[in-house]
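I have a structure I would like to understand better, so I am pasting it below and will then ask my questions one at a time.
Quick note: residue numbers are just sequence positions, from 1.
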Amino acid sequence: MSVDLFLHNLARVVFVGAVAALFLAFVELAAQRVGTSVVAGSYAPGRIIELAAALLVLVIAITLREIRDALKANGP
């Protein structure tokens, strides 16, 4: 497996994980409004959103690398 294919698949998996973390943050926020917790108080919803944002930065970096490589392959 080439590095490009690995990074492409990694970006997809991390993106799905970030979207799942965002969903979990909103569910946790709703659960806290009711008076309970989904993650047993381990993480606040804001902290989960920060984690998702950090994961999305990785996805953006990988995507920009793919764009750069595609532009190099096509020439100026």
Side-chain angles (χ1 to χ4, degrees):
M1 177 165 32
S2 71
V3 174
D4 293 332
L5 182 61
F6 174 74
L7 286 176
H8 182 75
N9 290 330
L10 178 68
R12 286 184 178 199
V13 169
V14 171
F15 180 76
V16 170
V19 170
L22 282 173
F23 178 74
L24 177 66
F26 288 121
V27 168
E28 176 67 17
L29 183 63
Q32 284 184 357
R33 300 267 186 217
V34 176
T36 185
S37 179
V38 176
V39 293
S42 299
Y43 294 102
R47 188 64 65 178
I48 299 171
I49 291 173
E50 288 176 6
L51 172 66
L55 292 174
L56 287 175
V57 168
L58 176 65
V59 173
I60 290 169
I62 292 172
T63 304
L64 286 174
R65 181 183 184 275
E66 289 177 353
I67 291 170
R68 183 198 66 195
D69 291 345
L71 289 174
K72 276 186 181 178
N74 291 338

Quiz item: Should Val14 and Val19 be counted in the same cluster of Ile, Leu, Val, Met, Phe, Trp and Tyr side chains packed under 4.5 Å apart?
Solution: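 Hydrophobic grouping puts Val14 with Val19.
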
Check: residues 38-62 side-chain donor-acceptor pairs under 3.5 Å, at least two apart:
residue: Ser42; atom: OG; partner: Val39; partner atom: O; Å: 3.1
residue: Arg47; atom: NH1; partner: Glu50; partner atom: OE1; Å: 3.1

Quiz prompt | Atom CZ of Arg68: over 12 foreign heavy atoms under 6.0 Å | solution =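 Counting other residues, nucleotides and ligands, CZ of Arg68 exceeds 12 neighbours.
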
Self-check item: Which atom of Asp4 lies closest to which atom of Arg65, heavy atoms considered
Solution: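 Smallest heavy-atom distance, with atoms named: OD1-NH1, 3.1 Å.
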
Exercise. Determine, using the 4.5 Å side-chain heavy-atom cutoff (strictly less than), whether Phe15 and Leu5 are members of one ILVMFWY cluster.
Key: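 Per the 4.5 Å side-chain linkage, Phe15 and Leu5 are co-clustered.
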
Quiz item: Once you round to the nearest 0.5 Å, how far does CG of Leu10 lie from NE2 of His8?
Solution: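 Rounded to the nearest 0.5 Å, the CG-NE2 separation comes out at 11.0 Å.
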
Quiz item: How many angstroms lie between CG in Asp69 and CG in Leu64, if you round to the nearest 0.5 Å?
Solution: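 It comes to 11.0 Å.
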
Quiz item: Got a second to check how far Thr36's OG1 is from Glu28's CD, nearest 0.5 Å?
Solution: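 Going from the OG1 atom of Thr36 to the CD atom of Glu28 covers 8.0 Å.
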
